[in-house]
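In what follows, a structure is listed as structure tokens, so that the remarks can point back to it.
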Amino acid sequence: MSKTLRLILGDQLNSTHSWFESPDENVIYLMAEMRQETDYVMHHIQKMMAFFAAMRCFADQLKNEGKQVRYYKLDDPENPQKLDKIIDQLIQKEAIEKFEYQLPDEYRLDQQLKDICKSISIDSEPFDTEHFLTERSFLAQFFEGKKTFLMESFYREIRKKFEILMDGKKPEGGKWNYDHDNRSALIDKRLLRKNLEFKHDLSGIFQMIQDQNIKTFGNVNPEDFQWPISRAESFDMLDHFCEKLLVHFGDYQDALTTWDPYLFHSRLSFALNTKMISPLEVVQKVESHWHRKRDEISISQVEGFIRQIIGWREYMRGIYWAKMPEFSKMNFFGHERSLPSWFWTGKTKMKCLSMSINQSLDLAYAHHIQRLMVIGNFALLAGIDPDEVDTWYLGIYIDAIDWVEITNTRGMSQFADGGIVGTKPYVSSANYIKKQGNYCSHCAYSPNQKTGDKACPFNSLYWHFYDRNRELLEKNPRIGMAYKTLDRMKNKAQILKQADEYLGRIEEL
Ligand SMILES: Cc1cc2nc3c(=O)[nH]c(=O)nc-3n(C[C@H](O)[C@H](O)[C@H](O)COP(=O)(O)OP(=O)(O)OC[C@H]3O[C@@H](n4cnc5c(N)ncnc54)[C@H](O)[C@@H]3O)c2cc1C
Ligand code: SF4
């Protein structure tokens, strides 16, 4: 019988894939920890550990089911550390006659696998990952001929197609979108719930990474690793979300507070992005939980959550495949400034940024509004080079994989795509951050001042951003008002001078 080699990448841990339905002794599964993946960007230590731990767990599960698995650990002396070399080596060693792989979600790996398939002398075949609700090309086809890709219309299409939160042909509750109900600041600490934390001792993986001299950053307690690393734990996380957090998810999803890093967010992104759990499994469970608890949980909480997964997540993937590789180089504003060094240390006097960055360094996690309206907002206002912003975001978050990182960072957050993902840049002065929580009340700067020693840097940088990008933004119908306000300002010159002064000593802010 001819032998087949099947590749499973680190973010393809989908145990419900049809590959695994029936035992086949002529199939060898390949999984590998590789320097090509640890070194292409500097990763947070927790991110690297989480991937290796989840991969090892998945490999053990396959072995327990009787499957043949060749697993290369990073310190395995026979590990050539590059995908093409590993595949080549196994084809020779095991007399493989066919190579199969699941379509990678990253453009870089997609190209590499296409090249590998051209270079090997045996047959090869790609398979779908059977994870997403839509195919790679669905979004491009859906918006064919259109200039803008509106997330809302994409989202409604998916709701209808998969009958999610639908009452016949109408949306549940009569409305498609409850976004306006979802913007409160958290004012009552007592609403917070204890986080679900797993306790894994990953000191072995940690030591291996140190021994191999891999450059990482961020903090970890290797004996008390808290992220889910298996499908069962991913479901525990989902259950915890449904039972304890869903009830307030929508209300406080945009809140910013010093009290708790996770608030009512699900922390499911790592489990989802490694495919330990599928988006359909998540939304169906959430929806059925809501059907049972309709009198306790309002639809706005549920719709707000489901929109993130079958709306934003699926949409970002579609944008990625419609616009790569050009997307990864876009720089609409021509921003060139270097990232301040405090992005890597958290040492800044700006409370919102020190909270969000330190939390990211400690936990490899920040929630959406910290990523968008605090960290990303500052980077955009300060005119940081989107390549540097991308490198930081791609390294630091536990869930950061190219397809979902660059679309969010370069697209949604930095508007470097000139308006493919969003219709206008997500920028704000201190006003927004103050309204969303308590960061400003613990800050060395004053959110109410635009000029002077104590003036919040966001306030002057906000107007500096609009002023310097007038040519690119003034005609945008959603922005025109900002220019009218700017032109009426009596102390405009002083505000712009203050911003220049702050930019000149950005390292000290
Ligand atoms: C600048 C920036 C960079 C980001 N980088 C990443 C990234 O590298 N990887 C990543 O998975 N998400 C990224 N996001 C989206 C979002 O911030 C995270 O998915 C979310 O914070 C993960 O935490 P959670 O699981 O608790 O999410 P919840 O708030 O509980 O949301 C539930 C799920 O919805 C999905 N989701 C929510 N918003 C988005 C979004 N905008 N795009 C895609 N999926 C979304 C995620 O799968 C998430 O797990 C980024 C957002 C911004 C603004
Ligand atoms: S005052 Fe400005 S820098 Fe300080 S927390 Fe508020 S928004 Fe951030």
Side-chain angles (χ1 to χ4, degrees), residues 11 47 151 195 237-238 241 245-246 249-250 252-254 256 258 261-274 277 279 282-283 286 304-317 319-320 348-356 360 364-380 386 389-390 392-414 421-422 426 428-449 454-462 502 509:
D11 67 344
K47 178 182 173 193
M151 197 289 277
N195 302 310
M237 201 105 181
L238 177 57
F241 175 74
L245 308 174
L246 178 61
F249 176 85
Y252 303 117
Q253 64 172 319
D254 287 3
L256 294 168
T258 54
Y262 303 125
L263 296 166
F264 302 97
H265 293 276
S266 69
R267 291 160 69 218
L268 279 166
S269 50
F270 176 72
L272 275 163
N273 293 355
T274 48
I277 195 165
V282 173
V283 295
V286 167
F305 182 76
I306 287 182
R307 177 154 24 98
Q308 304 307 324
I309 297 190
I310 61 167
W312 282 112
R313 184 170 187 268
E314 207 76 22
Y315 169 83
M316 290 306 202
R317 174 167 177 270
I319 295 276
Y320 184 78
T348 162
K349 295 194 280 296
M350 292 179 278
K351 188 68 178 178
C352 53
L353 280 154
S354 82
M355 285 299 298
S356 305
S360 305
Y365 180 89
H367 65 69
H368 189 74
I369 294 301
Q370 292 173 311
R371 297 187 204 196
L372 184 67
M373 295 312 294
V374 179
I375 306 172
N377 187 9
F378 182 87
L380 179 54
V389 185
D390 260 339
W392 188 83
Y393 275 94
L394 186 58
I396 200 163
Y397 293 116
I398 192 100
D399 51 36
I401 304 182
D402 199 55
W403 66 270
V404 58
E405 181 279 316
I406 64 164
T407 42
N408 271 292
T409 302
R410 203 171 271 263
M412 184 189 273
S413 153
Q414 299 302 294
V421 171
Y426 280 94
S428 81
S429 63
N431 240 349
Y432 175 85
I433 296 171
K434 186 178 149 197
K435 185 165 65 69
Q436 290 309 115
N438 69 350
Y439 286 159
C440 296
S441 45
H442 297 270
C443 187
Y445 295 99
S446 160
N448 306 321
Q449 284 175 236
K454 292 244 167 222
C456 167
F458 281 84
N459 289 339
S460 51
L461 290 176
Y462 177 76
Y502 276 156
L509 291 180

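The figures here come from the full heavy-atom set of this structure, side chains too, leaving out hydrogens, waters and symmetry mates. In this text the structure is predicted, and so the values were computed from the model without any measurement. Just follow the structure's listing: the first ligand is 1, and inside any ligand the first atom is 1.
Atom CD1 of Ile406 is separated from atom CG of Leu394 by 9.0 Å, given to the nearest 0.5 angstrom. Taking CD from Gln449 and CG from Asn459, the interatomic distance works out to 9.0 Å, rounded to the nearest 0.5 Å. Distance OG1/Thr258 to NZ/Lys351: 7.0 Å, rounded to 0.5 Å.
Here the side chains of Val421 and Arg410 are not in contact, with every heavy-atom distance at 4.5 Å or above. Inter-residue side-chain proximity for Ile433 and Cys440 is flagged as met; some heavy-atom pair is nearer than 4.5 Å. A heavy-atom distance below 4.5 Å is not found between the side chains of Trp392 and Thr409. Under the 4.5 Å side-chain criterion, counting only non-hydrogen atoms from C-beta, Arg267 is in contact with Met237. Between His265 and Tyr252, every side-chain heavy-atom pair lies at or beyond the 4.5 Å cut-off. With contacts defined as side-chain heavy-atom distances shorter than 4.5 Å, the pair Asp390/Gln414 does not qualify. In this structure, the side chains of Ile375 and Leu353 come closer than 4.5 Å at one or more pairs of heavy atoms. A heavy-atom distance below 4.5 Å is found between the side chains of Leu272 and Ile309.
A side chain to side chain contact (heavy atoms under 4.5 Å, CB included) with Asn377 holds for exactly one of Tyr426, Tyr462, Phe458; it is Phe458.
Applying the 4.0 Å criterion to heavy atoms of Arg267 picks out, from ligand 1, the atoms 24 (P), 25 (O), 26 (O). The ligand atoms of ligand 1 that sit less than 4.0 angstrom from a heavy atom of Leu372 are 53 (C). Close contacts of ligand 1 with Ala366, meaning ligand atoms under 4.0 Å from a residue heavy atom, involve 21 (O). Counting atoms of ligand 1 from 1 in the listed order, those under 4.0 Å from a heavy atom of Leu268 are 25 (O), 49 (O). Taking every non-hydrogen atom of Arg313 and a distance limit under 4.0 Å, the qualifying atoms of ligand 1 come out as 43 (C), 44 (N), 47 (O).
For atom 33 (C) of ligand 1, the nearest non-hydrogen atom of the protein is Ile309 CG1, 3.6 Å. Atom 7 (C) of ligand 1 has its closest protein heavy atom at Asp399 OD1, 3.2 Å. With respect to atom 5 (N) of ligand 1, the closest heavy atom belonging to the protein is Arg371 NH1, 3.4 Å. From the protein, the heavy atom lying nearest to atom 16 (C) of ligand 1 is His368 ND1, 3.5 Å. At the top of the distance list for atom 29 (O) of ligand 1, counting protein heavy atoms only, stands His265 ND1, 2.7 Å. When only non-hydrogen protein atoms are considered, atom 12 (N) of ligand 1 lies nearest to Val404 CG2, 3.7 Å. Summary of contacts: the protein heavy atom closest to atom 27 (O) of ligand 1 is Ser266 OG, 4.1 Å. The protein atom (non-hydrogen) at minimum distance from atom 38 (N) of ligand 1 is Gln308 OE1, 3.2 Å.
In the displayed structure, Tyr262 atom OH is contacted under 6.0 Å by more than 12 heavy atoms of other residues, nucleotides or ligands.
Between Thr409 and ligand 1, no N or O atom pair is found at a separation short of 3.5 Å. Remark: ligand 1 and Met316 share no N or O pair separated by less than 3.5 Å (distance only, no angle test). Below 3.5 Å of separation, one finds no N or O of His367 facing any N or O of ligand 1. Polar contact check, Tyr393 against ligand 1: no nitrogen or oxygen pair lies under 3.5 Å apart.
Under 4.0 Å from ligand 1, the heavy atoms of Phe249 that appear belong solely to its side chain. In Phe305, the part holding a heavy atom less than 4.0 Å from any atom of ligand 1 is the side chain.
Using the six-membered ring where Trp is involved, Tyr393 and Tyr397 have ring planes that are tilted, between 30° and 60° apart.
A salt bridge does not link Asp399 to Arg313: none of the charged side-chain nitrogens sits closer than 4.0 Å to a carboxylate oxygen.
Closest heavy-atom approach to atom 39 (C) of ligand 1 among the candidates Trp312, Trp392, Tyr365, Tyr426: Trp312. Atom 11 (O) of ligand 1 has its nearest heavy-atom neighbour, among Asn273, Val374, Ile306, Asn408, in Asn273. Looking at Pro279, Ser269, Gly376, Ser413, it is Ser269 that brings a heavy atom closest to atom 19 (O) of ligand 1.
In terms of heavy-atom proximity, Ser460 sits nearest to Tyr502 at OG-CD1, 3.7 Å.
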### Task
Go through Phe249 and Phe241 one step at a time and tell me if the ring-ring contact (aromatic ring centres under 6.0 Å, His included) criterion holds.
CA-CA 9 Å; Phe249 176 85; Phe241 175 74; 5.8 Å; yes

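Only protein N, O or S atoms were considered, and those under 2.8 Å from atom 6 (Fe) of ligand 2 are Cys440 SG.
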